[in-house]
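Below, all heavy atoms of this structure are taken into account, side chains as well, without hydrogens, waters or symmetry copies. Note that this is a predicted model, so its numbers are computed, not measured.
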Amino acid sequence: MEFFLGNFIAIFLHFRNVDVEDKILLVRGILGSIAGVISAFSNSFVYAVIAVLVSYIISIPIVTFYFKIKRNWLVFGKGSLTLAIAWFLILVSVYNVFG
C-alpha cells in the first residue's frame, strides 16, 4: 500500500511539469468518466446525452479560466474526443457490471 501511495504522490507532484494540452486531456477524460457513471445509472438515452453535454460545458470554463487558455482549438476542441470515448467506455463498463 505504501508503494502505491508513494507512486501516486510522485505522479501528483510531477503534474506541474506536464504540458497544458495534456492537462486538458486529463481533465476532459475525468469529466467523461464521471458522465459515464451518471449515464449508466440513468434510465433514458436523453439523460445520458445530457450528462455528456453538461460535462463538456463544465469543461469549457475549467480550461478557459483555470489553465488561462485563449486559443479556440484548445478551449473547444482539444480533448473532446477523449471526453466522448471515456464517457462511452465507462458507460458500457458500468452498465455491464451493474446492469
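- Atom-to-atom distance recorded for I69:CD1 and I60:CD1 is 13.5 Å, nearest 0.5 angstrom.
- Cluster annotation: I24 is connected to W73 through the hydrophobic network of ILVMFWY side chains, with a link wherever side-chain heavy atoms come within less than 4.5 Å.
- For A40, the side chain to side chain contact (heavy atoms under 4.5 Å, CB included) test picks out L91, V94, with sequence neighbours left out.
- Sorted by first and then second residue, the side chain to side chain donor-acceptor pair (under 3.5 Å) pairs with a member in residues 41-61 read R28-S59; sequence neighbours excluded.
- Residues L81 and I34 do not share a hydrophobic cluster, clusters being chains of Ile/Leu/Val/Met/Phe/Trp/Tyr side chains in contact below 4.5 Å.
- The distance from the CG atom of L53 to the CG atom of L83 is 9.5 Å, given to the nearest 0.5 Å.
- Nearest heavy atoms, A51 versus A35: O-CB, 3.7 Å.
- Here OH of Y95 is found 13.0 Å from OG of S39. Values are rounded to the nearest 0.5 Å.
- Here the OG1-CZ distance, from T64 to R71, works out to 13.0 Å after rounding to the nearest 0.5 Å.
- Side-chain contact, S33 with W87: no donor N or O sits under 3.5 Å from an acceptor N or O.
- With a 4.5 Å cut-off on side-chain heavy atoms, F98 and F41 count as touching.
- In terms of hydrophobic clustering, with Ile, Leu, Val, Met, Phe, Trp and Tyr side chains grouped at heavy-atom distances under 4.5 Å, L31 and Y66 are assigned to a common cluster.
- Transitive grouping of hydrophobic side chains (ILVMFWY, heavy atoms separated by less than 4.5 Å) brings V63 and I58 into a common cluster.
- Under the 4.5 Å side-chain heavy-atom criterion for Ile, Leu, Val, Met, Phe, Trp and Tyr, L74 and L25 are members of distinct hydrophobic clusters.
- To the nearest 0.5 Å, the span separating CD1 on I62 from CD1 on I30 amounts to 10.0 Å.
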